[in-house]
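Step one of this worksheet: look at the structure below.
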Amino acid sequence: MHMVVLGAGLLGVTSAHYLRQLGHDVTVVDRQAVPAAETSFANGGQVSVSHAEPWANPGAPWKVLKWLAKEDAPLLFRLRADARQWAWVLRFLRECTPGRTRHNIAQIVRLGTYSRQALQALRSELGLAYEQRTQGILHFYTNEREFAAAEAPAAQMRALGCDRRVVSADEAVRIEPALAHIRPQLAGATYTAEDESGDANRFARALARHAEAAGVRFLMNHTVTALREAGGRIDHVEATDAEGRFLRLRGDAYVLAMGSFSPLLARPLGLRLPIYPAKGYSVTMPVKDPARAHQVSLTDDEYKLVFSRLGDRLRIAGTAELNGYDRDLNQRRCEAIVRRVEALFPGAGDTSQAQFWTGLRPATPGNLPLIGRSRLPNLLLNTGHGTLGWTHACGSGLSLARIASGLTPEVEFDFCGV
Ligand SMILES: Cc1cc2nc3c(=O)[nH]c(=O)nc-3n(C[C@H](O)[C@H](O)[C@H](O)COP(=O)(O)OP(=O)(O)OC[C@H]3O[C@@H](n4cnc5c(N)ncnc54)[C@H](O)[C@@H]3O)c2cc1C
């Protein structure tokens, strides 16, 4: 089959790779000049099966209310006159019950575990290098109550096969000695030794080069303007090239992998995808003092920040702002992140060379991605990966390619239309 993949972010690139491996002709279309130039550009770098507790959980409504309109809040809802945003918020609240949270955690852990294995297999098969580290993820707590509350979800994850161990503050410092500076504030941590980290952007671009060498065609600098339906199927896609020339693209089937922009293209077809952009920030800076810099990938529970060591760079990412498609940098948020980095690891990074970035996570209310068939038989979805698009990229791409090829996916997950 000729498959047209719309979007060359992490999800489009992994879909294209696995589709090609299963014998399809593949064309990837993207408006940027190079793959992974939007949300997959500078994320937190964590391949974190252990990060399976969605934003929507029983404690979330109270926290969100507390954070409303607090400029440097980790999760900020800026409510606007936008029906799509209100519909998303209502669905988010419905996902906050204990039952839905347990269900969503189970789905996220299963897909994450499968995806991490797929990533490891791909890495050794193709010899991919992307500043990966396999030293696990340490999630640390500076608040006793939050630490105590971490036990139940960690136990649920262990029961699902993700070995997220609860460890004391002293053990946390043994795992990551750079935390010694804040030992007095540490309440404890959880540690998942099998989790990993790495530069998602380098990974995606390296995989895209392999895919191209294997015959995948990349149509970059092409903006998709519409998906056209005829007789209950997608007939063609309309796009404009870099010079603004109009063109039609035809394939046997299409994969929608445009991240936060997927619902905008799906809407005219009558498909209401529950995806809303959640703006996040990242800061990247060179390591200044290696003795003070962290090696293990970390999650700071209080500030909802993740830390990855990408070679000789530190990457810190987090915060979420539901405020439409605006990607502006809010100076207060940037400063809050740098202040926290300096408080935790003083002198570790060169803050004078900090590079700031924002990206729009394609968030679904329960943090479950949409993977599989849509109502239109030749339109497949691989989108809505929210906070975990890097963690879930390989497992989602492989499952999508299997579904498109009429094969059963290898992992138990709520796939669409399967
Ligand atoms: C601050 C931050 C930190 C994060 N940290 C982590 C982490 O530590 N671990 C983790 O697992 N995940 C993390 N994520 C999430 C992860 O980065 C995303 O889920 C993932 O990048 C989404 O990939 P995607 O392919 O769906 O979207 P994108 O990367 O946005 O790709 C979509 C592509 O579609 C193209 N496109 C859009 N519209 C059009 C159009 N009309 N025509 C043509 N092309 C179009 C875009 O150019 C883009 O290349 C983080 C995200 C953010 C913002």
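Just the heavy atoms: all of them, side chains too, but no hydrogens, waters or symmetry mates, feed the values below. For ligands, and for the atoms within them, numbers begin at 1 and follow the listed sequence.
When each atom of ligand 1 is checked for a heavy atom of Gly7 under 4.0 Å away, the hits are 33 (C), 34 (O).
Distance alone, capped at 3.5 Å, places no donor-acceptor pair between the Gln295 side chain and the Arg133 backbone. Under a 3.5 Å cut-off, the side chain of Gln107 and the backbone N or O of Asp414 do form a donor-acceptor pair. Checked by atom type and distance alone, the side chain of Ser308 never pairs as donor or acceptor with a backbone atom of Leu310 at under 3.5 Å.
For the residue pair Arg164 / Thr192, no side-chain donor-acceptor distance below 3.5 Å is found, with atom types taken as modelled. For the residue pair His385 and Ser396, a side-chain donor N or O sits within less than 3.5 Å of a side-chain acceptor on the partner.
At least one N/O-N/O distance between Arg31 and ligand 1 falls below 3.5 Å. Ligand 1 has a nitrogen or oxygen under 3.5 angstrom from a nitrogen or oxygen of Asn43. Of the N or O atoms in Glu38, one or more lie within a sub-3.5 Å distance of an N or O in ligand 1. Distances between N or O atoms of Thr39 and those of ligand 1 include at least one value under 3.5 Å. Between Ala37 and ligand 1, no pair of N/O atoms sits closer than 3.5 Å. Checked against a 3.5 angstrom limit, the closest N/O atoms of Trp357 and ligand 1 fall outside it. Considering backbone and side-chain atoms together, Gln46 places an N or O closer than 3.5 Å to an N or O of ligand 1. For ligand 1, the polar-atom distance check against Arg361 finds no nitrogen or oxygen pair separated by under 3.5 Å. Considering both main-chain and side-chain atoms, Pro362 never comes within under 3.5 Å of ligand 1 through any nitrogen or oxygen pair. Where the criterion is an N or O separation shorter than 3.5 Å, residue side chain and backbone included, Leu11 meets it with respect to ligand 1.
Looking only at heavy atoms of the protein, atom 3 (C) of ligand 1 is closest to Gly44 N, 3.4 Å. Closest to atom 14 (N) of ligand 1, if we only count protein heavy atoms, is Thr387 O, 3.6 Å. The closest protein non-hydrogen atom to atom 41 (N) of ligand 1 is Val224 O, 3.0 Å. If you check which protein heavy atom lies closest to atom 47 (O) of ligand 1, you get Asp30 OD1, 2.7 Å.
Between Glu212 and Arg20 no salt bridge is recorded (no basic side-chain N to carboxylate O distance below 4.0 Å). With salt bridges taken as basic N to acidic carboxylate O contacts below 4.0 Å, none links Arg309 and Glu176. Of the charged side-chain nitrogens involved, at least one lies within less than 4.0 Å of a carboxylate oxygen, so that Arg123 and Glu196 count as a salt-bridged pair. Note on Glu131 versus Arg202: salt bridge recorded, some NZ/NE/NH1/NH2 to OD/OE distance being below 4.0 Å.
Between Ser48 and ligand 1 there is no heavy-atom distance shorter than 4.0 Å. Distances shorter than 4.0 angstrom do not occur between any heavy atom of Ala36 and any atom of ligand 1. Note on ligand 1: Thr383 sits outside its first shell, no heavy atom being nearer than 4.0 Å.
Proximity of Phe261 to ligand 1, defined as any heavy-atom pair under 4.0 Å, is confined to the side chain (atoms from C-beta onward). If you look at Val47 next to ligand 1, there are no close heavy atoms at all, none under 4.0 Å. Under 4.0 angstrom from ligand 1, the non-hydrogen atoms of Tyr281 all belong to its backbone. By the criterion of a heavy-atom distance under 4.0 Å, the backbone of His222, and not its side chain, is placed next to ligand 1. Contact annotation for Ala278 and ligand 1: no heavy atom of the residue comes within less than 4.0 Å of the ligand.
With Ser40, Gly389, Ala393 as candidates, the residue nearest to atom 23 (O) of ligand 1 on a non-hydrogen basis is Ser40. Nearest-residue assignment for atom 18 (C) of ligand 1 (options Ala239, Gly259, Gly397, Gly386; heavy-atom criterion): Gly386.
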- prompt: Hey, mind stepping through Thr351 and Glu342 against side-chain hydrogen bond (donor to acceptor under 3.5 Å, both in side chains) and telling me if it holds?
  reply: CA-CA 8 Å; Thr351 53; Glu342 272 297 290; 5.0 Å; no
query: Between Gln21 and Glu125, is a side-chain hydrogen bond (donor to acceptor under 3.5 Å, both in side chains) present by the stated rule, with each step listed?
result: CA-CA 13 Å; Gln21 273 206 329; Glu125 182 197 334; 3.1 Å; yes
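Between Phe77 and Phe92, the gap from one ring centroid to the other is short of 6.0 Å.
Ring orientation note: the planes of Tyr130 and Phe203 are nearly perpendicular, at an angle over 60° on the 30°/60° scale.
Side-chain atoms of Met285 and Ile316, non-hydrogen and from C-beta on, do get closer than 4.5 Å to each other.
Evaluated for a side chain to side chain contact (heavy atoms under 4.5 Å, CB included) with Thr190, the options Val166, Val167, Asp301, Thr299 yield exactly one hit, Val166.
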